[in-house]
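Data block below; observations after.
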Amino acid sequence: MSFPQNRMRRMRQSDALRALVRETTLEPGDLIYPLFICPGSGVRNPISSMPGVFNLSVDEAVKEAEEAASLGIGGLLLFGLPAEKDETGTGAWIDDGIVQQALRALRQTPAAKKLVMITDVCLCEYTSHGHCGIVNKSGSDFAIDNDPTVEILAKTAVSHARAGADVVAPSDMMDGRVAAIRSALDAAGFGMTPILSYASKFFSAFYGPFREAADSAPQFGDRRGYQMDGANLREAMREIELDLEEGADMILMKPSMPYLDVIRSARDRFDVPMGAYQVSGEYSMLQAAFERGWLDRDRATLESLIGIRRAGAEFIVTYFAKAAAKLLG
Ligand code: PBG
C-alpha cells in the first residue's frame, strides 16, 4: 500500500498527535552544566567567545548551582582556573585547589544536593605550557610523558573525591588513566566513586573557545599526540572498549555535532551509560548565528540537543543547559 492510503502527514496534524509519536525526549535532568571556577569573590568574568558563559569565583558558582538545581538540571561539570600554573600542574591535585574549594562550598549548599557533581580531571588548565600532561623534554621532539602524567591524574581524581566530587571525569586521553584512577580511588577509600571517562575524545578545532574560558591553550605544539584523529571511528570503539575494561562506569563522547555517527556506533555497541559533550565551539557558532539573527535561538538550541539525544547519548554536557532547561520547563 502506498499513497493515498499512506499519508505520513496524518500523524503531524496536532501538537497532541505529534507528542504521542515523538521518539526522542529531552529533559532538564539530561543536561550537565559546565562551570569554570576562578579565584576571588564576586567574580563573574565573561568569556568573549562564549556569550552567557563566565569565569566564576566560588561564591558565584554556588549561585549558579542553586539556579541549575531549581531548573532541574542533572548535574555540574567543574573546571578550575588556578591562581598559579606550573610545569607539572600541581594546582590540579592540591588540597586547597580551586576545584576542591568549589566542591567543599557546593557540598555546603543544600540545593546542590539535587545535582550530580562531576569534576573534569585533566592537567591542561594547571600546566604553564597548557598541555594535558607532563612534557618530556628528553627526545628531539617534545612529547607528553604518559605514565608519570597518569600518576598525577590519579592523585587529582582522589583529591576531587575527597573534596566531595560525586563523579570524576578524566579528559586527558592518556593511556591507562582509567585503571590508575580506579585503583587510586579504591586505595583511598573511594571505591564507590564512579568514573565518567572521556573515552573517545577527538583532536578538534571546536575546543577553541574553551581554551579562552579555561586559559588552557598549548604554548607549543598541539594535542594530536594524545587526542584522537577525527577520521577514525573504529579507533574510537577501541578506546571505549579499553576504558570499560579498565573500569570506566560511564563514557563521554566529544565533540558532538561533527561526531554524531561515532555516538550512534558507541550506543549500538556498548551497553553502558553514555553522555556527549556539546563543546565550546558548537555553542559559540550557534551563539554567533543567534546574534546575527541568522538562526532562531530557542528552536536551534533545542534541535541541536535533540540531535545528540537521538544519536544515542543519554545525557549532554552543554553550555546551553540553563537556557534549554528554561525552554523545556
Ligand atoms: C581538558 C578539556 C578540554 C575540553 C574539556 N576538557 C579542552 C581540550 O581538550 O582542549 C573542551 C571542552 C569544550 O570545548 O567545551 N582537556
Side-chain angles (χ1 to χ4, degrees), residues 31-37 47-55 75-82 85 89 91-93 98-99 118-127 129-135 144 146 149-150 152-153 156-157 160 165 167-174 177-178 181 195-230 239 251-259 275-288 304-305 308 313 315-321:
L31 307 175
I32 306 286
Y33 187 39
L35 296 181
F36 298 100
I37 322 285
I47 315 301
S48 66
S49 53
M50 300 177 73
V53 179
F54 301 84
N55 287 339
L76 303 177
L77 177 61
L78 304 181
F79 293 94
L81 288 90
K85 302 181 188 236
W93 54 266
I98 189 74
V99 165
I118 309 172
T119 57
D120 187 88
V121 175
C122 194
L123 301 185
C124 63
E125 300 109 83
Y126 305 91
T127 51
H129 44 75
H131 276 287
C132 302
I134 310 288
V135 177
I144 300 304
N146 193 88
T149 299
V150 161
I152 302 177
L153 292 166
T156 303
H160 288 174
V167 174
V168 293
S171 70
D172 51 283
M173 290 302 278
M174 297 300 130
R177 84 280 170 81
V178 173
I181 289 172
I195 299 173
L196 167 62
S197 165
Y198 286 74
S200 123
K201 175 170 176 178
F202 291 93
F203 175 72
S204 174
F206 288 88
Y207 308 147
F210 173 94
R211 310 240 164 115
E212 184 200 343
D215 184 25
S216 65
Q219 300 303 302
F220 53 86
D222 59 36
R223 304 207 205 288
R224 284 176 219 260
Y226 41 104
Q227 298 179 348
M228 284 183 47
D229 184 333
E239 279 283 3
I251 55 174
L252 189 61
M253 312 295 287
K254 175 178 174 193
S256 292
M257 196 194 62
Y259 297 89
Y277 199 141
Q278 183 183 49
V279 300
S280 56
E282 300 177 58
Y283 176 83
S284 297
M285 71 181 175
L286 285 169
Q287 288 289 351
S304 72
L305 296 168
I308 299 168
F315 56 92
I316 306 171
V317 180
T318 174
Y319 303 99
F320 285 119

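When a ligand or atom number is given, it counts from 1 through the structure's own listing order.
- Contact between Tyr277 and ligand 1 is present, with at least one heavy atom of the residue lying under 4.0 Å from the ligand.
- Listed by number with element, the atoms of ligand 1 under 4.0 angstrom from any heavy atom of Phe79 are 5 (C), 6 (N).
- Ligand 1 is approached by Arg211 to a heavy-atom distance shorter than 4.0 Å.
- Between Glu125 and ligand 1, not a single N/O pair is under 3.5 Å apart.
- Taking a 4.0 Å cut-off on heavy atoms, Glu282 fails to register as neighbouring ligand 1.
- Close approach to Cys124 involves these atoms of ligand 1, each under 4.0 Å from a residue heavy atom: 1 (C), 16 (N).
- The protein atom (non-hydrogen) at minimum distance from atom 11 (C) of ligand 1 is Lys254 NZ, 3.0 Å.
- The closest approach between any non-hydrogen atom of Gln278 and ligand 1 is not below 4.0 Å.
- For ligand 1 and Tyr319, the ligand atoms under 4.0 Å from any heavy atom of the residue are 12 (C), 13 (C), 15 (O).
- The side chain of Cys122, and not its backbone, has at least one atom closer than 4.0 Å to an atom of ligand 1 (non-hydrogen atoms only; side chain from C-beta on).
- Using a 4.0 Å cutoff on heavy atoms, Asp172 does not count as a contact of ligand 1.
- Contact atoms of ligand 1 toward Cys132: 16 (N) (distance under 4.0 Å to a heavy atom of the residue).
- When the heavy-atom distances from atom 7 (C) of ligand 1 to Tyr207, Tyr198, Phe210, Phe36 are ranked, the shortest goes to Phe210.
- Heavy-atom contacts of Ser171 reach the following atoms of ligand 1: 1 (C), 2 (C), 6 (N), 16 (N) (cutoff under 4.0 Å).
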